[in-house]
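Protein chains get the first letters and strands the later ones, always in sequence-line order, with residue 1 at the start of each. Since the model is a prediction, treat every value here as computed from it, not as a measurement.
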Amino acid sequence: MDALNKLEAQSVYILREAYRNFKNLCMLWSIGKDSTVLLWLARKAFFGHVPIPLVHIDTHYKIPEMIQYRDKLAREWKLNMIYGENTEAIKNKLTFPDGNADRLTCCRSLKSEALKNTLSGEWIRYRLNHKTGQYQPDENKEPYSGVIVGVRADEEGSRSKERYFSPRDRYNEWNIGDQPPEFWNQFKTDFAPGTHLRIHPLLDWTELNIWEYIDREHIPITSLYFDQGKGVRYRSLGCYPCTCPVQSTAKNTKEIIEELKTGKFSNIAERAGRAQDKEDSGGLETLRREGYM
Amino acid sequence: MSREQMNIVIVGHVDHGKSTVIGRLLSDTNSLPEGKLEQVKATCARNAKPFEYAFLLDALKDERSQGITIDIARCFFKTAKRDYIILDAPGHIEFLKNMVTGASRAEAAILVIDAKEGIRENTKRHGLLISMIGIKQVIVLVNKMDLMEYSRDVFESFVRDYGKFLSELNVTPLCYIPVSAFYGDNLVSRSPHMPWYEGPDMLSQLDVLTNKEIPVKLPFRFPVQDIYKFTEEGDDRRILAGTVETGEIHVNDEVLFLPSRKKSRIQSIELFNAPVFERAQAGQAIGFTVTTQLYIPPGEMMVKVSENRLPKISCRFKANVFWVGNTPMIKDKVYKLKVATARVPVKLAEIVRVVDAADLSAMVSQQVVNRHDVATCIFETLKPIAYDLGQDIEGTSRFVIVDHYEIAGGGVILESLEVQETDLERHVKDREYRWDRGYVSREERKIAYSHCGKFILFTGLDKDDRTKVLAKTLERKLFDSGCKAYYLGFENLETGLDADQNYAQDSREEKIRRLGELGRILTDSGQIFVTTMPDLDDYDIGNLKKLISPYEAFVVNVGTSSFQEFKSDLNISKADDPREAINRVCKLLKEKEIIFEYSI
């Protein structure tokens with residue numbers, strides 16, 4: 001077994017543990033490469049099916065191709081697709097692009113707040129009706145007690161401390177100092193009422209592993225990651241006002257792998273194009289404690 | 001082809017320099033993201049703190065303020081040979097569970113000792129745990145040699161003292177390396193300060209470590225993680241999903257499921273987006289379909305009939321455990337045991353000894369296992385489980401113990417033991433001994449009611465309403481003919497008598513226990529108690545029968561049976577006419593003299 005096979009087997013095992021132990025389980029799909037790999041791994045774990053609803057938080061500032069790609073794949077793979085949003089903040093223009101909030105506050109409001117309330121079922125969830133092809137309010141308002149997330153330990157410091165199964169209390173808080181033990185392949189799969197768990201099947205994957213796997217499995221990935229002839233591509237996807245493309249002529253997965261291995265990105269952090277990380281030294285950590293992915 | 005990866009854990013007493021070793025290693029192998037080193041140096045300068053390599057790792061704010069590693073951090077670096085993930089485990093005793101978390105998924109351990117401070121409690125404790133967790137490759141770094149003038153004598157006395165301790169644990173380190181992490185001596189290249197040292201530097205030593213081979217040669221073990229039947233798009237496969245722990249298997253091989261002892265044969269090997277395979281082997285997260293319609297719960301272990309080294313099956317075993325729970329492990333409390341994919345209630349039966357980590361002496365008189373203790377104990381599960389012994393197969397001999405939602409301990413099974421008398425048998429014996437009886441005898445009730453008190457259970461694999469309808473029809477018929485019959489669906493218990501119970505998923509044993517106790521009471525009152533509970537296996541019915549003793553159960557199976565060897569009093573097939581079926585039940589009740597001829 002090579003390294004990718006081992007990573008795949010471990011992630012599949014974790015997904016199956018999650019599915020076995022949580023009644024109200026969902027998977028966050030940011031449309032990016034990592035959570036798309038996660039979605040693919042779910043198809044592996046469940047033999048072509050995805051018996052878990054996929055939740056996307058739509059800030060309405062996502063690059064338009066992301067939403068098109070999301071809905072295309074959702075239809076093709078018959079996904080149970082859900083999205084949530086911070087309707088109030090968007091309506092009242094309390095955002096960074098509207099000039100009414102700084103980047104961190106905007107992230108907190110459009111992503112963390114929206115996520116928290118979408119997961120708890122307190123805010124409206126929209127669900128894709130495969131018959132009409134349209135989204136409609138979801139009748140299910142039950143909170144999700146298990147949330148599968150595609151974070152990787154190599155992304156930055158605070159993510160490197162995550163567990164595969166990581167509890168959050170009823171306020172969504174992450175107690176980094178007192179995390180549950182994980183011995184061998186036994187994880188925290190019991191949880192008190194009112195708490196929920198974040199599940200991280202991709203923790204041990206690196207950015208390079210992700211691309212190697214996309215290449216090996218031919219996973220359809222949004223074209224934003226590839227140079228379309230203008231000499232730029234996205235390395236990490238987010239909202240267009242805060243995400244910059246990088247200078248690169250990589251046009252396919254093979255070229256991206258080559259670039260990561262030997263090229264100019266081999267020593268530059270992946271999230272370098274994300275402006276909100278830079279606002280204070282622990283910016284992302286502050287966001288993550290509050291529930292940011 | 002992706003590159004080889006290896007997980008390495010770095011352990012040792014607090015402040016002995018683990019994070020510095022890694023920080024230095026990352027920095028000297030150019031594994032840091034561009035600008036990271038400068039950024040941390042600038043932060044230090046701004047806060048008027050001397051720069052330390054450890055700050056690179058302790059990326060979280062509250063760690064920087066306390067200056068100790070709270071959790072495990074993963075760091076990635078690579079050499080020409082392979083990619084490494086270094087798990088930085090905290091050395092502070094409070095965070096022992098984090099250290100074990102890191103160590104339990106590592107291939108090798110680097111143990112760091114401070115040359116100036118010497119061997120401390122956690123240096124020993126970590127050595128002990130590493131041996132218990134099963135890490136075979138250990139490198140010992142004697143750090144801060146700069147503070148000891150790079151003295152050969154100091155280094156050699158460590159090799160002697162710690163080597164003696166480790167050998168008592170059956171741990172033989174691959175090597176001892178004298179280093180100064182702060183100055184980078186002997187980390188990525190040989191140091192000019194210690195010409196007397198002739199061994200390898202740390203980095204070269206890492207590259208000669210070997211990843212564990214995939215255990216395909218061991219007997220086949222497949223702990224069933226779950227059973228899927230996704231019916232979308234006309235999929236009719238019933239797939240046993242899980243990860244092959246050891247060995248290999250082929251399509252058409254005959255298989256045995258434990259502890260239920262059900263047998264079947266492999267029909268197909270299932271994998272998504274892959275060619276058709278005829279063989280599955282250790283390490284693969286995979287699925288199987290079998291040739292017969294087989295009903296087993298997740299947690300059973302699938303093995304090959306043709307292999308004679310079968311797992312052990314018992315309710316009692318001896319194991320080494322380490323305890324990290326906030327409250328001590330005590331006897332007679334019900335915990336949850338997770339071994340491979342099985343989950344069963346378990347009790348601590350006996351503490352054989354608690355090991356003092358400092359000198360490995362045994363404390364035999366301890367009555368509880370405290371937080372951070374390492375102990376040898378005897379456990380009893382409430383239901384038989386299938387497992388292997390630590391010396392034979394790792395994956396199916398390791399377990400964790402869950403106490404009130406939290407993993408509170410971990411361990412390795414050493415020995416399978418026979419049960420003299422189960423916990424339940426002891427309980428029932430004790431209960432009957434203490435039973436406070438009224439002035440009305442069983443015989444008097446029988447004459448007054450014209451029938452015996454009886455526990456009648458309708459069961460079967462199918463969870464449809466048919467079983468319940470039959471049970472209720474029987475109640476009606478018995479009642480109409482003058483019997484004191486009472487029907488109670490087991491769900492009624494959950495919303496009533498058991499409403500205070502926050503039933504977790506694996507509390508079936510507890511439900512059965514409560515139903516059995518209630519059955520004992522109602523039967524004793526002289527009534528005919530009719531109830532249903534689907535999907536019982538031989539152990540469940542055995543437990544129910546014990547619980548209602550001194551009375552006996554009357555078991556009616558409806559449709560497909562969920563029993564392996566247990567014989568029901570009566571079988572009703574799906575095709576049978578319900579009225580006819582109930583008549584058969586009544587006829588048998590008469591034959592057994594539970595109800596009398598004239599009553600119906």
Side-chain angles (χ1 to χ4, degrees), chain A residues 1-13 16-17 19-21 40 43-49 51 78 153-154 156-158 160-161 163 176-177 179-193 195 203-204 206 208-209 212-213 216-217 267-269 272 281-282 285, chain B residues 1-5 30 32-34 36 43 57 59-62 70-76 83 85 97-98 100-101 104-105 133 214 225-226 228 230 232-233 235 237 239 241-243 270-273 283-285 287 298 324 336 338 395 398-400 402 404-407 410 502 504-505:
Chain A
M1 279 182 104
D2 70 3
L4 276 187
N5 286 331
K6 281 186 190 167
L7 287 168
E8 180 194 62
Q10 176 73 351
S11 301
V12 164
Y13 174 81
R16 288 174 178 164
E17 276 299 274
Y19 185 66
R20 176 180 174 189
N21 290 287
W40 186 263
R43 300 180 86 205
K44 287 256 173 181
F46 308 113
F47 305 97
H49 302 271
K78 304 269 183 305
D154 76 331
E156 45 78 47
S158 72
S160 78
K161 312 241 163 173
R163 292 285 195 268
I176 307 160
Q179 298 203 66
E182 290 182 339
F183 301 148
W184 305 299
N185 251 349
Q186 298 291 0
F187 310 118
K188 179 177 167 64
T189 50
D190 302 84
F191 55 100
T195 59
L203 219 49
D204 291 339
T206 63
L208 182 61
N209 294 145
E212 285 174 334
Y213 191 66
R216 189 184 88 175
E217 297 283 321
N267 273 324
I268 296 178
S281 75
E285 187 198 325
Chain B
M1 182 73 183
S2 52
R3 281 159 54 87
E4 187 191 0
Q5 271 179 6
N30 292 321
L32 292 169
E34 221 169 74
K36 184 85 178 173
T43 309
L57 302 188
L60 288 176
K61 282 179 177 173
D62 55 354
I70 288 178
D71 204 291
I72 42 162
R74 296 169 178 77
C75 309
F76 296 77
D83 295 347
I85 300 179
K97 64 177 182 184
N98 300 339
V100 182
T101 298
S104 79
R105 56 179 73 117
I133 289 161
I214 301 287
Q225 195 176 4
D226 215 337
Y228 300 137
F230 300 115
E232 271 127 51
E233 318 235 330
D235 193 343
R237 293 172 297 174
I239 303 175
T243 303
E270 299 290 334
L271 262 175
F272 171 72
N273 198 41
Q284 285 183 297
V324 294
K336 177 156 121 184
K338 292 169 77 175
R398 292 165 169 174
F399 62 86
V400 297
V402 178
H404 197 74
Y405 308 117
E406 305 296 337
I407 292 179
N502 173 28
Q505 217 181 3

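- The candidate from Ile239(B), Ile85(B), Val324(B) with the greatest count of non-hydrogen atom pairs under 4.5 Å with chain A is Ile239(B).
- For His49(A) against Asp235(B), the heavy-atom pair with the smallest separation is NE2-OD2, 2.7 Å.
- If you check the side chains of Asn209(A) and Gln5(B), you find a donor sitting under 3.5 Å from an acceptor.
- Taking the side chain as every heavy atom from C-beta outward, Glu232(B) and Lys78(A) never approach each other to under 4.5 Å.
- Heavy atoms only, all atoms of each residue included: Ala9(A) and Ala285(B) are closest at O-CB, 3.7 Å.
- The part of Val402(B) that comes within reach of chain A is its side chain, from C-beta onward, which places non-hydrogen atoms under 4.5 angstrom from that chain.
- Rounded to the nearest 0.5 angstrom, Glu4(B) CD and Asp2(A) CG are separated by 10.5 Å.
- Proximity to chain A is limited to the side chain of Ile214(B), based on heavy atoms less than 4.5 angstrom apart.
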> Does the side chain to side chain contact (heavy atoms under 4.5 Å, CB included) test come out yes or no for Asp226(B) and Arg16(A), once each step is laid out?
Replying inline: CA-CA 7 Å; Asp226(B) 215 337; Arg16(A) 288 174 178 164; 5.6 Å; no
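- No side-chain heavy atom of Gln225(B) sits under 4.5 Å from any side-chain heavy atom of Val12(A).
- For the salt bridge (Lys or Arg N to Asp or Glu O under 4.0 Å) test, residues two or more places apart in sequence or in another chain that qualify with Arg398(B) are Glu394(B).
- For Asp83(B), no part sits under 4.5 Å from any heavy atom of chain A, backbone or side chain.
- For the set Trp184(A), Trp40(A), Tyr13(A), Phe47(A), the count of heavy-atom pairs under 4.5 angstrom toward chain B peaks at Trp184(A).
- Counting heavy-atom pairs under 4.5 Å between each of Gly48(A), Pro180(A), Ser11(A) and chain B puts Gly48(A) at the top.
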> Going through the checks in order, is the side chain to side chain contact (heavy atoms under 4.5 Å, CB included) test met by Thr101(B) and Gln179(A)?
Replying inline: CA-CA 10 Å; Thr101(B) 298; Gln179(A) 298 203 66; over 6 Å; no
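- Contact check for Arg43(A) versus Asn273(B): no side-chain heavy atoms found under the 4.5 Å cut-off.
- Within the 3.5 Å criterion, the main-chain N or O of Phe183(A) finds no donor-acceptor partner in the side chain of Lys97(B).
- For Arg216(A), the salt bridge (Lys or Arg N to Asp or Glu O under 4.0 Å) partners are Glu8(A), not counting sequence neighbours.
- Here the CG atom belonging to Asp190(A) is positioned 5.5 Å from the NZ atom belonging to Lys338(B), to the nearest 0.5 angstrom.
- Considering CD of Glu212(A) and CZ of Arg3(B), their distance stands at 9.5 Å, rounded to 0.5 Å.
- Ring planes of Phe230(B) and Tyr19(A): tilted class, angle from 30 to 60°.
- In this structure, the separation between CD on Glu17(A) and OG1 on Thr243(B) is 9.0 Å, given to the nearest 0.5 Å.
- Heavy atoms closer than 4.5 Å to chain B are found nowhere in Tyr213(A), neither backbone nor side chain.
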